[in-house]
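Notes for the one structure printed next.
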Amino acid sequence: MKDFIIAPSILAADFAKLGKEVEDVLSAGADMIHFDVMDNQFVPNLTMGPMVCESLIKHGIEAPIDVHLMVRPVDALIKMFAKAGATYITFHPEASENIKMSLDLVRDLDCKTGLVLNPQTTFETIEPVLEELDMLVLMSVNPGFGGQSFIDSTYEKIAQARTLIEHKGLDIRLEVDGGITENNISRVAECGADTFVAGSAIFSKPNYETIIDEFRDKLVSSKD
Ligand code: DX5
Ligand code: ZN
């Protein structure tokens, strides 16, 4: 099992002061920045493009950036986000014409690969390419919006994913995205996740350090 990573989703940040928000959440103890890209076609919302990613890096952000593409098709944006400095580039299997080729593209551009499964998407779709992944992401809400409630059936899916990863002896991260709060993060970890995306649960709080510390405490005690 890998070290725990807390990845705030900046979808819930104040975009009018994004650089400061990212600096603040990192100095409060976050490990990685989760960057949600929506195209108003694959999902019914429109967010940020590669220029925003590049601006954050030019602003001095050195933490890894976890780009979650909710766009179709994916290949052109994979290239743009790799150029913009993304660390991870993850996408949904439904959004690629050829999943293996899109994963190869991410890796050839020196980024880490990841596939994202919607709540209804099963493992069968991606089993043939599991070996190609640096990270498997399970959506615990339907993609498109922040601030939704965690879908309870995800707990079992996380446990199944952990079993699959161990069974195949893969050295990959297991990220869970959507509806994570101080009330469910322990259980998400107990089921086998090691990477936790949280948007509204962090950015809605007046003090980011307090909530990230609380997450960290819950993660430590979930190991007992
Ligand atoms: C949903 C996004 C999530 C979301 C998480 O489409 O992929 O990353 O922003 O936000 P919360 O934690 O508010 O559910
Ligand atoms: Zn996301």
Side-chain angles (χ1 to χ4, degrees), residues 4-15 18 21-22 25 28 30-50 52-53 56 63-72 74 77-78 81 86-95 106 111-121 133-155 157-158 161 173-189 193-205 208 211-212 214-215 218-219:
F4 293 130
I5 283 187
I6 296 174
S9 162
I10 55 173
L11 190 59
D14 182 347
F15 281 14
L18 191 56
E21 287 275 73
V22 172
V25 87
D31 304 295
M32 176 160 85
I33 296 301
H34 185 80
F35 192 105
D36 285 309
V37 183
M38 306 186 188
D39 67 349
N40 184 230
Q41 292 203 33
F42 185 68
V43 290
N45 200 357
L46 184 66
T47 60
M48 308 164 276
V52 179
C53 179
L56 289 174
I65 299 189
D66 171 27
V67 173
H68 174 192
L69 294 180
M70 286 160 275
V71 305
R72 182 167 49 203
V74 289
L77 279 166
I78 287 173
F81 272 100
T87 311
Y88 283 90
I89 301 182
T90 73
F91 61 90
H92 292 246
E94 299 87 349
V106 173
C111 295
K112 293 185 181 178
T113 59
L115 280 173
V116 191
L117 298 188
N118 279 344
Q120 301 81 5
T121 309
L133 302 184
D134 293 304
M135 182 154 78
L136 173 60
V137 187
L138 300 184
M139 290 306 304
S140 35
V141 298
N142 286 305
F145 298 94
Q148 304 179 73
S149 300
F150 188 94
I151 297 172
D152 279 348
S153 58
T154 317
Y155 292 121
K157 198 170 176 187
I158 300 166
R173 291 207 154 268
L174 179 56
E175 177 177 89
V176 177
D177 182 10
I180 292 187
T181 69
E182 56 277 37
N183 301 319
N184 60 24
I185 195 166
S186 305
R187 189 163 168 205
V188 173
D194 53 40
T195 306
F196 307 85
V197 175
S200 42
I202 294 176
F203 286 103
S204 68
K205 302 289 194 301
Y208 302 158
I211 180 68
I212 291 173
E214 188 177 349
F215 276 5
K218 299 239 156 106
L219 291 174

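Order of listing sets the numbers, starting from 1, for every ligand and every atom in it.
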Could you list the atoms of ligand 1 found under 4.0 angstrom from a heavy atom of Val197?
8 (O)
Specify side chain, backbone, both or neither for Ser9, according to which of its non-hydrogen atoms lie closer than 4.0 Å to ligand 1.
side chain
Identify the heavy atoms of Pro8 and Met32 that sit nearest to each other, and give their distance.
CD-O, 3.1 Å
Atoms of ligand 1 under 4.0 Å from any heavy atom of Gly147, numbered from 1 in the order shown, are 11 (P), 13 (O), 14 (O)
Exactly one candidate in Val67, Val37, Leu77 meets side chain to side chain contact (heavy atoms under 4.5 Å, CB included) with Pro50; the answer is Leu77
Which ligand 1 atoms does Gly179 reach within 4.0 Å, using its non-hydrogen atoms?
11 (P), 12 (O), 14 (O)
Can you give me the closest heavy-atom contact between Ala12 and Gly199, atom names plus distance?
CB-C, 3.4 Å
Tell me whether the rings of His34 and His68 are parallel (<30°), tilted (30 to 60°) or perpendicular (>60°).
tilted
Do you know which two heavy atoms are closest between Thr181 and Ala201, and how far apart they sit?
CA-CB, 4.0 Å
Does Phe145 have a heavy atom less than 4.0 Å from any atom of ligand 1?
yes
Nearest heavy-atom neighbours spanning Met70 and Pro143
SD-CB, 3.7 Å
Run the numbers for me: atoms of ligand 1, each under 4.0 Å from some heavy atom of Met38, listed by number.
6 (O)
Below 4.0 Å from ligand 1: does a non-hydrogen atom of Ala198 turn up there or not?
yes
Measure the distance from atom 6 (O) of ligand 1 to every protein heavy atom, then report the residue, atom name and distance (to 0.1 Å) of the closest one.
Gly144 N, 2.8 Å
Quick one: which ligand 1 atoms are inside 4.0 Å of a heavy atom on Pro143?
6 (O)
Ranked by distance from atom 3 (C) of ligand 1, the top protein heavy atom is Asp177 OD1, 2.9 Å
Side chain to side chain contact (heavy atoms under 4.5 Å, CB included) test vs Glu175 passes for just one of Asp66, Leu138, Leu136, namely Asp66
So which of the N, O or S atoms of Asp36 lies nearest the Zn ion (ligand 2)?
OD1
Determine whether any heavy atom of Ala12 lies closer than 4.0 Å to an atom of ligand 1.
no
Looking only at N/O atoms, are Met70 and ligand 1 under 3.5 Å apart anywhere?
no
Rounded distance [0.5 Å steps], CG in Asp36 versus CZ in Phe145:
12.0 Å
Within ligand 1, which atoms have a heavy atom of Gly178 less than 4.0 Å away?
14 (O)
Quick one: which ligand 1 atoms are inside 4.0 Å of a heavy atom on His34?
8 (O)
On a heavy-atom basis, the closest approach of Ile78 and Leu69 is CG1-CD1, 3.8 Å
Given atoms ND1 of His68 and OD2 of Asp177, what angle do they subtend at the Zn ion (ligand 2), to the nearest 10 degrees?
90°
Considering only protein heavy atoms, which is closest to atom 12 (O) of ligand 1, and at what distance to one decimal place?
Gly199 N, 2.7 Å
Enumerate the atoms of ligand 1 whose separation from the nearest heavy atom of His68 is less than 4.0 angstrom.
7 (O)
Roughly how far, to the nearest 0.5 Å, is CG of Asn118 from CD of Glu94?
5.0 Å
In terms of residue, atom name and distance, what is the protein heavy atom nearest to atom 13 (O) of ligand 1?
Ser200 OG, 2.5 Å
Are Lys205 and Glu182 ion-paired here, with the side-chain N under 4.0 Å from a carboxylate O?
yes
Nearest 0.5 Å, please: how far is CD in Gln120 from NZ in Lys157?
7.5 Å
